[in-house]
Engineer: 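Below you will find the structure I want to go over with you.
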Protein chains: 2
Amino acid sequence: MLTESTENYLKAILQLEADKADGVSTSSIAERLGAQPASVTGMMHKLKERGWVKYERYKGVDLTETGRRHAMETVRRHRLWETFLVGTLGFAWDEVHDLAEQLEHVRSTDLTDQLDAFLGHPQTDPHGDPIPNADGTFRTSVGRALLSDAQVGICAKIVGVGDSQDDFLRHLNSLGLGLGTVVEVKELFPFDRSMAVHIVGGVEARCHLSSRVTQNLWWVEAVPDA
Amino acid sequence: MLTESTENYLKAILQLEADKADGVSTSSIAERLGAQPASVTGMMHKLKERGWVKYERYKGVDLTETGRRHAMETVRRHRLWETFLVGTLGFAWDEVHDLAEQLEHVRSTDLTDQLDAFLGHPQTDPHGDPIPNADGTFRTSVGRALLSDAQVGICAKIVGVGDSQDDFLRHLNSLGLGLGTVVEVKELFPFDRSMAVHIVGGVEARCHLSSRVTQNLWWVEAVPDA
DNA sequence: CTTCCGGTTTAGCCTAGCCTAATTCACCGT
DNA sequence: ACGGTGAATTAGGCTAGGCTAAACCGGAAG
Ligand SMILES: [Mn+2]
Ligand SMILES: [Mn+2]
Ligand SMILES: [Mn+2]
Ligand SMILES: [Mn+2]
C-alpha cells in the first residue's frame, strides 16, 4: 500500500533521476530525504517487492513504470496545492513547500481533479515547475535554459527556479527577483562564473548574481509587451 | 507529539463526551474509531502520560484542558475543509467526510486561518455543525432542537444533521431533505415514533420519516421570507 | 455474601520506519 | 593481481500503533 513515506521516497527518486540519468544511489536519496543510507536500503527492499523500483544491491535504483506513475501523481498533487496556497490563499512562494509536502499525501483523484479545475488547469506551480496532467504526462513546456548559460546583452524573463528551498527563494526576494522578472545580462565574470544584470523595472542599476543563483534560474527570451 | 492517530483519538473522545456527560468508556472509543478495545486502552496510557486525558483503569476517560484544545483545533480544521470542499470545489455533502478526515491532520495555524478567511469565516460546516474559532470557542450557535421533539403543525427549517455518515446523508438526499429544507409536521405516530411531514416546496404531498431520521435532524422555527 | 458475566485490561506478538554499529563489496591505483 | 577505501548493506534495536487471547475486575443477581 502507498504510504506517506513510500510516496516521499518515490518522489525523491523521480527527481534525482531527472539529473543523474539512471542508477540513483541510496546515499543521494538519503541526503535528499534527511534519512540515513541504511534506512534507504531497507526501504528499497520494500519498494522492490512492491514492484515500484528496479533495485540490485550496490547498483542503485530506478523507478518502474508503476513507481514512476505514483511519483508523478504525488508531484502533481504537490504542485497543485502549492498553486492553491499561493494563488488562492495568498501565501508567499517561499512559504508553501512544507505545507504542500503534507497535503500531497491526501490521495483522491476526485479531490485532485476538482482542485485542478478550480485553479483553471494551471501550467506551472509558483516556482515555475510544470504540473503533470492526470495521466502523468507534462503540460506544454516551453524551451527554457539556465541563466548561467545566457550571453551578455540578452533580455531574459525568469520563468522558473531550479531549487525551491525556502532560503533560496528568500534570497531571490531580497535581490528583487521573482517569476516574471526580466533581467538584461550586462557582464559575465569567468573567474567565479558570476554575472552582472540589470533588473528591468528595478531601482538598482546593476545587480550581481553568484553562479549559485544563475545555475538555479530558468529563463526564456523576453518579448517586449505590446 | 501530536500524531494523526492521537488527534483522531482526542477528537473521538471530545465528541463522545458531548453525549455521555463524563467518563467515556474505552469500548465506545473503540467502536467509533473501528479499533479494538485493547488498542484503546494502550493509547489511553500514552494520552495520559502526555497530559491530554484524565484516565484511571476501569473508570473511563475525560479530556484535560490541553486535550480538549487539541481536539477542538482538529474539529475546526475538519469543518473548515468540509466547507471548502463543498462550497469551493463543488463536492456533495455526503462526499467530504473521509477527505476532511485526512486534511484535518495538516497542522498549520497559518493555513487554517487563511482558509477560514478565504471562506469568509463561515459559522457552520455543510452538515450544520458549528465551526470553532481559532481560540477554541464556538461561534454564535442558534437554539436548535431535534426534529423528533417537534409538535404537529410546526414549520421547521432543517439546520443540521446529528449524523454525518455518508449513508445517512444519501438517505436524506433520496428523501429530498437537505440543509435549509423547510418541513411542516403533519402527524406523529407514537407506536414507532415516526413522523409524517410535508416538504415545503417539494413534489410529494407527504413524506414519512422514521425515528432514526428525526432523531438526527436539527431544526429551528421557519420564518416565512419577506 | 457469593457468583457470574461482560466490559476492561494485560501479555505477547506483529508491521512500518527509522537509527547506529559492524560488515561487506566495488572499484581504483599501484 | 592486490590492497585500500569509502559507499552500501546487514545486523540488531527502538518507537508508534495495532491485533488476539488470556486474565481480571466490578456491579448486578441470586
Ligand atoms: Mn511529502
Ligand atoms: Mn514547487
Ligand atoms: Mn482524521
Ligand atoms: Mn461535518
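Letters A, B, ... are given to chains in the order of the sequence lines, protein chains preceding strands, and every chain is numbered from 1. Just so it is clear, the values below take in all heavy atoms, side chains as well, and ignore hydrogens, waters and symmetry mates.
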Engineer: Round to the nearest Å and state the distance from B:Y9 atom OH to D:dG17 atom P.
Structural biologist: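 The distance from OH of B:Y9 to P of D:dG17 comes to 9 Å, rounded to the nearest Å.
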Engineer: OP1, OP2 of D:dA16 versus side-chain N and O of B:S5: anything below 4.0 Å?
Structural biologist: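 So the side chain of B:S5 is outside the cut-off, no N or O lying under 4.0 Å from OP1 or OP2 of D:dA16.
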Engineer: Please report the distance, rounded to the nearest Å, between CE in B:M43 and P in D:dT15.
Structural biologist: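 Result: 16 Å.
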Engineer: Looking at C:dT24, does its base get a donor-acceptor pair with the side chain of A:Y58 below 3.5 Å?
Structural biologist: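 Pair found.
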Engineer: Atom CD of A:E56 and atom P of C:dA26: how far apart are they, to the nearest Å?
Structural biologist: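 Rounded to the whole Å, the gap is 11 Å.
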Engineer: Given A:P132, which of A:L80, A:V75, A:T74 fulfils the side chain to side chain contact (heavy atoms under 4.5 Å, CB included) condition?
Structural biologist: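 It is A:V75; the other options fail the test.
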Engineer: Does A:T41 have a side-chain nitrogen or oxygen under 4.0 Å from the phosphate oxygens OP1 or OP2 of D:dT10?
Structural biologist: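 So the side-chain polar atoms of A:T41 never come under 4.0 Å of the phosphate oxygens OP1 or OP2 of D:dT10.
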Engineer: Rounding to a whole Å, what distance do you find between A:M1:CE and D:dG17:C1'?
Structural biologist: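 In whole Å, D:dG17 C1' and A:M1 CE are 18 Å from each other.
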Engineer: Under 4.0 Å: is that the gap between some side-chain N or O of B:Y55 and OP1 or OP2 of C:dT9?
Structural biologist: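 Yes, because at least one side-chain N or O of B:Y55 sits under 4.0 Å from OP1 or OP2 of C:dT9.
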Engineer: What is the distance, to the nearest angstrom, from the CZ atom on B:R57 to the C1' atom on D:dC24?
Structural biologist: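 Result: 8 Å.
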Engineer: Run the side-chain hydrogen bond (donor to acceptor under 3.5 Å, both in side chains) test against B:R69 and tell me which residues pass, sequence neighbours left out.
Structural biologist: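 None.
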Engineer: More 5' along DNA chain C: A:K46 or B:S27, using each one's nearest nucleotide?
Structural biologist: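 Going by which nucleotide is closer to the 5' end, it is B:S27.
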Engineer: Can a side chain N or O of A:H45 be found less than 4.0 Å away from OP1 or OP2 on D:dT9?
Structural biologist: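 Answer no for this pair, as no side-chain N or O of A:H45 is under 4.0 Å from OP1 or OP2.
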Engineer: Provide, to the nearest angstrom, the distance between the CG atom belonging to B:L2 and the P atom belonging to D:dA16.
Structural biologist: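 So the CG-P distance, B:L2 to D:dA16, works out to 14 Å.
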Engineer: Quick check: do A:H208 and A:F189 have side-chain heavy atoms less than 4.5 Å from each other?
Structural biologist: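 When only atoms from C-beta onward are counted, A:F189 and A:H208 do touch, with a gap below 4.5 Å.
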Engineer: Can you name the residues that form a side-chain hydrogen bond (donor to acceptor under 3.5 Å, both in side chains) with B:H121, not counting sequence neighbours?
Structural biologist: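 side-chain hydrogen bond (donor to acceptor under 3.5 Å, both in side chains) check on B:H121 returns B:D116.
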Engineer: Does a nitrogen or oxygen in the side chain of A:T26 sit under 4.0 Å from OP1 or OP2 of D:dA7?
Structural biologist: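 So the side chain of A:T26 is outside the cut-off, no N or O lying under 4.0 Å from OP1 or OP2 of D:dA7.
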Engineer: Measure the distance from CG on B:N8 to C1' on D:dG18 and round it to the nearest whole Å.
Structural biologist: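 Value for this atom pair: 14 Å.
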Engineer: Work out which heavy atom in B:A12 is nearest to a heavy atom in B:R32; give both atom names and the distance.
Structural biologist: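 For B:A12 and B:R32, the tightest heavy-atom pair comes out as CB-CD, 3.7 Å.
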Engineer: A:H171 vs A:F168 aromatic rings, parallel, tilted or perpendicular, using cut-offs 30° and 60°?
Structural biologist: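 Rings of A:H171 and A:F168: tilted, as their planes differ by 30° to 60°.
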Engineer: Taking only N/O atoms, report every protein-nucleotides 19-22 of chain C pair under 3.5 Å with atom names and distance.
Structural biologist:
unit_1 : atom_1 : unit_2 : atom_2 : d
C:dC19 : OP2    : A:Q36  : N      : 3.0
C:dC19 : OP2    : A:S39  : OG     : 2.5

Engineer: For A:M44 and D:dT10, give me the distance from atom CE to atom C1', rounded to whole Å.
Structural biologist: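 Result: 16 Å.
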Engineer: Here's a test for you: under side-chain hydrogen bond (donor to acceptor under 3.5 Å, both in side chains), which of B:E7, B:E73, B:H70 qualifies with B:R107?
Structural biologist: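 Exactly one option meets the side-chain hydrogen bond (donor to acceptor under 3.5 Å, both in side chains) with B:R107, and it is B:E7.
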